[in-house]
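Read the numbers this way: they start at 1 and go in the same order the structure lists the ligands and their atoms. These numbers were taken from a predicted model, which means no experiment stands behind them.
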Amino acid sequence: MGVIKENLKCVNDKISLACKNCSRNADEVTLVAVSKFHPVQAMVEAIQAGQIIFGENRVQEAKEKYEYLTSLNLKFELHIIGSLQRNKVKDAVRISTCIQSVDRKELLCEIEKQCAKINKKIDILIEVHTGEESKSGFPLDDSLDEEVKNCVNNVYPHISLKGFMTMAPNTDDVELIKKSFSTLKDLQKKYRSMYTACDFKVLSMGMSGDYETAIEQGSTMVRVGTAIFGHRDYTS
Ligand SMILES: *Cc1c(COP(=O)(O)O)cnc(C)c1O
């Protein structure tokens, strides 16, 4: 068995076990394989091992991979998970099925505009700033309430808000990490009670170092890179 296939099996097994340990069904958690900085061949190997959803940070890199994988007729989906510049939104919405890192109103407006042009409705997650050290995401304030309301009220008809995403602070302090994840879960509860017709089902939280903790805290989507593909070479 190839290394990537083996790693994928290992991560999927750990997801199942983490679910079992907190009496959840393994099918409640979706694995996003974060392939940023890894060659497209690594994605081909993962697809052949059954992986479908991939997370990418940089739109140019994602676009090249998208075109190659599409030319091979492979079945896959891309999620954009990194901070997104406005001028990259046009390509981002064309190649992805979900933009997880929506961290400001300007992006919502641009995603709406670009999706309207190509008549596509796209899934998004609103990225929320839940930990002291994390830099990105909506702060927990009125601006977040306002944009959730706008999404619910169909102010952006080409956008479907599926839930929320966060990055835990980069620390060894498990309690701080848990607190960041439970903050996102609490936010979901709050908006569910405000908008009872919406379930904001997706909570995208947990990476290689903390996905089991995230599952225990209610994650429904984990974004795992290093544990599947190995360390990233940022010089490439
Ligand atoms: C890179 C990245 C990941 C994956 O991190 P690993 O520690 O390699 O699993 C997950 N989420 C986001 C937003 C990332 O940028």
Here the atoms of ligand 1 under 4.0 Å from any heavy atom belonging to T226 are 6 (P), 7 (O), 8 (O), 9 (O)
The answer for which part of Q100 has a heavy atom under 4.0 Å from ligand 1 is neither
closest protein heavy atom to atom 10 (C) of ligand 1 is M207 SD, 3.2 Å
For N57, the atoms of ligand 1 under 4.0 Å from one of its heavy atoms are 15 (O)
Between E175 and K179, does at least one N-O distance fall below 4.0 Å, as a salt bridge requires?
no
A student checking ligand 1 against I81 at a 4.0 Å heavy-atom cut-off should list atoms 11 (N), 12 (C), 13 (C), 14 (C)
When I124, I99, L84, I126 are each screened for side-chain contact (heavy atoms from CB on, under 4.5 Å) with L107, the one that passes is L84
Nearest non-hydrogen protein atom to atom 14 (C) of ligand 1, with distance, is K36 NZ, 3.0 Å
Does the ring of F37 carry R58 above it, NZ/CZ under 6.0 angstrom from centre and within 45° of its axis? yes
Item to complete: May I ask you to check whether V224 has an N/O atom sitting below 3.5 Å from an N/O atom of ligand 1?
Response: no
Exactly one candidate in V222, V224, I81, I228 meets side-chain contact (heavy atoms from CB on, under 4.5 Å) with V34; the answer is I81
For S208, the ligand 1 atoms with a heavy-atom partner under 4.0 Å come out as 6 (P), 7 (O), 8 (O), 9 (O)
Could you tell me how the ring of F164 sits relative to the ring of F200: parallel (under 30°), tilted (30 to 60°) or perpendicular (over 60°)? tilted
For L184 and S204, the nearest pair of non-hydrogen atoms, with its separation, is CD2-O, 4.3 Å
Shortest non-hydrogen pair, H38 vs H231, comes out as CE1-O, 3.4 Å
Taking only non-hydrogen atoms of G225 and a 4.0 Å limit, the atoms of ligand 1 in range are 4 (C), 6 (P), 8 (O), 9 (O)
Under a 3.5 Å threshold, yes or no: a donor from one side chain and an acceptor from the other, between S83 and S136? no
Near M167 (heavy-atom distance under 4.0 Å), the atoms of ligand 1 are 12 (C), 13 (C)
One finds that the ligand 1 atoms under 4.0 Å from a non-hydrogen atom of R223 are 4 (C), 9 (O), 10 (C), 11 (N), 12 (C), 13 (C)
